[in-house]
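Everything on this sheet refers to the single structure shown next.
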Amino acid sequence: QVQLVESGGGLVQAGGSLRISCVASGGTFSSYAQGWFRQAPGKEREFVAAISWNGGRTDYADSVKGRFIISRDNVKNTVSLQMNSLKPEDTAVYYCAARSTAVHITTRTRTQYDYWGQGTQVTVSS
């Protein structure tokens, strides 16, 4: 059983940057592909970014492409999301997710992820 714990959320002004991270425990981190999702109030949870088991493949939602960067450190069991040029519409709870199948590729499909963190709040003020 894999446990995921996010950190690094907070309040930032529009145009600013924030880095959120997710530490995994209870499993072999390099055996999992990872993803970040977010959920704003009253909206469904949506895909943000994904990374394959070794970082060789990444994928981004169109809304964050060119602004966000996903990365992972298989030694520190950590996946991070560097968020730049933040906009008020980026405000949401951000969730880290992990999956144990087809880990050499990325996926945007929420139901294909097996494990989820508790989320970290990111608020962007205008």
Side-chain angles (χ1 to χ4, degrees):
Q1 186 77 10
V2 175
Q3 291 83 43
L4 303 172
V5 179
E6 301 96 335
S7 63
L11 175 64
V12 63
Q13 288 189 335
S17 297
L18 200 63
R19 184 180 181 88
I20 58 176
S21 296
C22 171
V23 177
S25 62
T28 303
F29 186 69
S30 59
S31 298
Y32 297 89
Q34 304 280 151
W36 285 98
F37 290 75
R38 66 186 182 186
Q39 188 167 17
K43 295 188 177 181
E44 290 191 355
R45 193 171 298 188
E46 65 175 5
F47 169 77
V48 175
I51 190 166
S52 60
W53 74 278
N54 64 351
R57 294 190 182 191
T58 57
D59 186 29
Y60 298 92
D62 289 345
S63 59
V64 307
K65 195 172 296 183
R67 300 189 296 123
F68 290 11
I69 301 172
I70 188 171
S71 61
R72 66 186 296 154
D73 185 332
N74 285 351
V75 174
K76 296 181 178 179
N77 290 357
T78 301
V79 58
S80 298
L81 188 68
Q82 177 67 41
M83 303 182 291
N84 302 318
S85 301
L86 282 161
K87 305 175 181 179
E89 50 264 42
D90 294 318
T91 295
V93 177
Y94 283 71
Y95 296 91
C96 173
R99 60 184 183 86
S100 57
T101 57
V103 296
H104 59 292
I105 60 173
T106 59
T107 180
R108 299 184 176 195
T109 306
R110 187 176 60 196
T111 55
Q112 292 187 4
Y113 288 84
D114 305 303
Y115 306 100
W116 293 84
Q118 82 290 348
T120 186
Q121 177 70 47
V122 172
T123 303
V124 184
S125 62
S126 57

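All figures in this text were calculated on a predicted structure; none of them were measured in a lab.
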Study note, to complete from the structure: CG of Leu81 to OH of Tyr60, rounded to nearest 0.5 Å, is 7.5 Å
Practice item. Report yes or no: does Glu6 contribute a side-chain atom to a donor-acceptor pair with the main-chain N or O of Gly119 at less than 3.5 Å? Key: yes
Point to revise | Verify same cluster id: Ile69, Val122 (apolar side-chain graph, 4.5 Å) | key: yes
Exercise for review: Starting at CD1 of Ile20, measure out to CZ of Phe68 and round the result to the nearest 0.5 Å.
Suggested key: 8.0 Å
**Study point:** Side chain to side chain, Phe29 and Lys76, heavy atoms closer than 4.5 Å
**Key:** no
Exercise for review: Check side-chain hydrogen bond (donor to acceptor under 3.5 Å, both in side chains) between Ser21 and all other residues, then give those that pass, not counting sequence neighbours.
Suggested key: Ser80
Review point. Crowded around Lys43 NZ? As in, over 12 foreign heavy atoms under 6.0 Å?
Key: no
Check your understanding: Who pairs with Tyr95 by ring-ring contact (aromatic ring centres under 6.0 Å, His included), at least two apart in sequence or on another chain?
Key -> none
Point to revise | Heavy-atom pair of closest approach, residues Arg19 and Ser71 | key: NH2-OG, 3.7 Å
**Study point:** For Arg67, all residues meeting side-chain contact (heavy atoms from CB on, under 4.5 Å), sequence neighbours excluded
**Key:** Val64, Ser85, Lys87, Asp90
**Study point:** Test side-chain hydrogen bond (donor to acceptor under 3.5 Å, both in side chains) applied to Arg110 - qualifying residues, sequence neighbours left out
**Key:** none
Review point. Does any pair with a residue in residues 22-126 pass disulfide bond (SG atoms under 2.5 Å apart), and if so which ones, sequence neighbours excluded?
Key: Cys22-Cys96
Point to revise | Where Ala24 and Leu4 come nearest, the two heavy atoms and their spacing | key: CB-CD2, 3.6 Å
Practice item. For Arg72 and Ser52, indicate whether the former's side chain and the latter's backbone hold a donor-acceptor pair under 3.5 Å. Key: yes
Review point. For Glu46, what residues pass the salt bridge (Lys or Arg N to Asp or Glu O under 4.0 Å) criterion, not counting sequence neighbours?
Key: Arg38
Check your understanding: CG of Asp59 to NZ of Lys65: how many Å apart, nearest 0.5 Å?
Key -> 6.5 Å
Practice item. Could I get the full list of side-chain hydrogen bond (donor to acceptor under 3.5 Å, both in side chains) partners for Thr91, not counting sequence neighbours? Key: none
Exercise for review: Please list, chain by chain and in numerical order, all residues satisfying side-chain hydrogen bond (donor to acceptor under 3.5 Å, both in side chains) with Ser17, sequence neighbours excluded.
Suggested key: Asn84
**Study point:** Reported OH-to-CZ distance for the pair Tyr113 and Arg108, which is rounded to 0.5 angstrom
**Key:** 10.0 Å
Point to revise | side-chain contact (heavy atoms from CB on, under 4.5 Å) partners for Gln13, two or more places apart | key: Ser125
Exercise for review: Under the side-chain contact (heavy atoms from CB on, under 4.5 Å) rule, collect the residues that match up with Thr109, sequence neighbours excluded.
Suggested key: Thr107, Thr111, Gln112
Check your understanding: Can you name the nearest heavy-atom pair linking Asn54 to Asn74, along with the distance?
Key -> CA-ND2, 4.3 Å
Review point. Are Tyr115 and Phe37 connected in the hydrophobic side-chain network, where two residues link if heavy atoms are under 4.5 Å apart?
Key: no
Review point. Can you name the closest pair of heavy atoms from Val79 and Trp36 and give their distance?
Key: O-CZ2, 3.7 Å
Point to revise | Exercise: identify the closest heavy-atom pair between Leu86 and Met83 | key: CD2-CB, 3.7 Å
Practice item. Would you please name every residue forming a ring-ring contact (aromatic ring centres under 6.0 Å, His included) with Trp53, sequence neighbours left out? Key: none
Practice item. To the nearest 0.5 angstrom, please state how far the CD atom of Gln3 sits from the CG atom of Asn77. Key: 11.5 Å
Point to revise | Ile51 reachable from Val48 in the ILVMFWY side-chain graph, under 4.5 Å edges | key: yes
**Study point:** Tyr94: partners by ring-ring contact (aromatic ring centres under 6.0 Å, His included), with sequence neighbours left out
**Key:** none
